[in-house]
> 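Here's a structure for you.
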Amino acid sequence: MRVGLACLLLITGCDLYFTGGDDTPCAVGELAPAEQFRNPETGECVAIGSPGGCDGICGPCAEAADLALPDWGSCFAGCESFDETSCVDQPGCRAVYDANSLTDEGPRFLACWAIAPSGPAAGSCEGLDAQQCSRHQNCSAFYDDDNGFLEYAGCRPEQVKGCYSDEECGSSAHCSVSDGECLPSPGCDPGQGCPAVCYGRCISDNDVCAAIDCGPNSHCEAQCTDAFCGPVCSPNANQCAAIDCAPGFECVETCQGTDPEIPGCGICDAQCVPVGTCESVTTEAACLARGDCGAVYTGENCTCYSNGSCDCEVLEFARCQAN
């Protein structure tokens with residue numbers, strides 16, 4: 001009776017069992033909730049994981065089954081507490097909007113969510129599905145509210161800095177209102193009598209190569225990694241055609257260092273590198289498959305923002321480099 005009473009007192013949170021009358025106490029059940037991840041298609045937080053919190057107090061801990069976690073952002077990464085402006089400036093977070101495409105209202109800020117663990121990804125936001133959009137911290141996901149259920153409606157470049165006029169963006173940028181964009185004012189919800197004024201975002205006027213002079217036989221390219229672009233001076237011709245590397249080495253274009261006369265510009269040239277290094281990988285898929293390598297892209301028609309991020313209409317795999 002004494003042993004039975006002891007376990008009855010511990011019954012909350014425990015699955016009871018006994019083994020041959022010894023002193024083994026009851027086993028722990030679910031003491032901690034499973035972690036919650038946000039489904040990028042619906043915006044819902046989904047509990048995924050195995051029972052946790054086993055500390056041995058109630059008996060031996062059963063081994064939790066290994067569960068494959070989805071590439072979804074955590075619902076409790078801290079992003080949810082940010083407003084629109086803070087969210088845009090916060091690494092690892094992305095601003096999410098109600099598209100209002102089912103009504104006559106314009107888009108409005110909905111929430112700040114964490115990006116997927118595989119991010120941040122590089123490249124344009126246009127045409128991405130919900131999962132791919134969630135990997136970009138410089139892309140905003142848009143949803144339509146269908147009777148309380150969110151339905152993914154598209155992906156667009158994240159607003160970096162809000163503005164009403166060009167004067168608010170400084171001398172090297174302009175307000176997208178000048179380009180015809182007309183967004184609702186921040187904090188102005190439908191039905192509140194919003195002012196008849198257009199709100200936009202600051203867009204940089206400077207191409208990353210605008211002020212770069214690479215000299216003869218070389219040209220400037222915008223090369224991007226993790227959505228950040230920078231200028232590099234690349235040879236006009238394939239220099240590897242004239243280079244004969246030793247056995248075990250191969251010739252590839254590498255970009256490293258900076259030219260003291262061109263601040264901030266990386267220099268690309270032909271070098272012999274050991275076969276098997278990141279620099280010798282020639283395809284995007286092979287590069288991304290290696291954890292020690294990172295893909296670099298050449299961007300065309302890039303719009304770069306004040307926080308250093310860029311959106312490019314075209315991104316082409318340029319080379320592979322060590323992380």
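Just the heavy atoms: all of them, side chains too, but no hydrogens, waters or symmetry mates, feed the values below. All residue numbers in this chain count up from 1 along the given sequence.
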> For residues Cys125 and Cys133, determine if any side-chain heavy atom of one lies less than 4.5 Å from a side-chain heavy atom of the other.
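SC-SC contact between Cys125 and Cys133 ruled out.
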
> Each residue besides Val252 in its hydrophobic cluster should be listed here, by chain and number; the cluster joins Ile, Leu, Val, Met, Phe, Trp and Tyr at side-chain heavy-atom distances under 4.5 Å.
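Val252 shares its hydrophobic cluster with Val273.
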
> In chain order, what residues pass the ring-ring contact (aromatic ring centres under 6.0 Å, His included) check against Phe82, with sequence neighbours excluded?
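Partners of Phe82 under the ring-ring contact (aromatic ring centres under 6.0 Å, His included) test: none.
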
> Apply side-chain hydrogen bond (donor to acceptor under 3.5 Å, both in side chains) to Arg94 and list each qualifying residue two or more places apart in sequence or on a separate chain.
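If we apply the side-chain hydrogen bond (donor to acceptor under 3.5 Å, both in side chains) test to Arg94, skipping adjacent residues, there are no hits.
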
> Among all residues two or more places apart in sequence or in another chain, which pass the side chain to side chain contact (heavy atoms under 4.5 Å, CB included) test with Phe76?
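Testing Phe76 for side chain to side chain contact (heavy atoms under 4.5 Å, CB included), a comparison that skips the adjacent residues, returns Gln36, Ser74.
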
> Just jot down the side chain to side chain contact (heavy atoms under 4.5 Å, CB included) partners of Ala111, sequence neighbours excluded, or say none.
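Result, side chain to side chain contact (heavy atoms under 4.5 Å, CB included) vs Ala111: Trp113.
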
> Applying side-chain hydrogen bond (donor to acceptor under 3.5 Å, both in side chains), name anything that partners Arg156, two or more places apart in sequence or on another chain.
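In terms of side-chain hydrogen bond (donor to acceptor under 3.5 Å, both in side chains), with neighbours along the sequence ignored, Arg156 is linked to no residue.
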
> Does Gln131 have any side chain to side chain contact (heavy atoms under 4.5 Å, CB included) partners at least two apart in sequence or in another chain, and if so, which?
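Checked Gln131 against side chain to side chain contact (heavy atoms under 4.5 Å, CB included); matches are Pro40, Asp71, Trp72, Ala116, Asp129, Ser134, Arg135.
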
> With sequence neighbours excluded, tell me which residues meet side-chain hydrogen bond (donor to acceptor under 3.5 Å, both in side chains) with Asp292.
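For Asp292 the side-chain hydrogen bond (donor to acceptor under 3.5 Å, both in side chains) partners, ignoring immediate neighbours, are Arg290.
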
> Could you tell me which residues satisfy side chain to side chain contact (heavy atoms under 4.5 Å, CB included) with Ser165, sequence neighbours excluded, listed by chain and number?
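Testing Ser165 for side chain to side chain contact (heavy atoms under 4.5 Å, CB included), a comparison that skips the adjacent residues, returns Glu167, Glu168.
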
> Please list all pairs meeting salt bridge (charged side-chain N to carboxylate O under 4.0 Å, His left out) that have one or both residues in residues 232-254, counting only residues at least two apart or in different chains.
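Every pair satisfying salt bridge (charged side-chain N to carboxylate O under 4.0 Å, His left out) with a residue in residues 232-254: there are none.
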
> Just to verify, what does Glu41 make a side-chain hydrogen bond (donor to acceptor under 3.5 Å, both in side chains) with, not counting sequence neighbours?
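side-chain hydrogen bond (donor to acceptor under 3.5 Å, both in side chains) check on Glu41 returns nothing, list empty.
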
> Which residues, ordered by chain and number, are linked to Leu128 in its hydrophobic cluster, where ILVMFWY side chains connect at heavy-atom gaps below 4.5 Å, directly or through other members?
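Other cluster members: none.
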
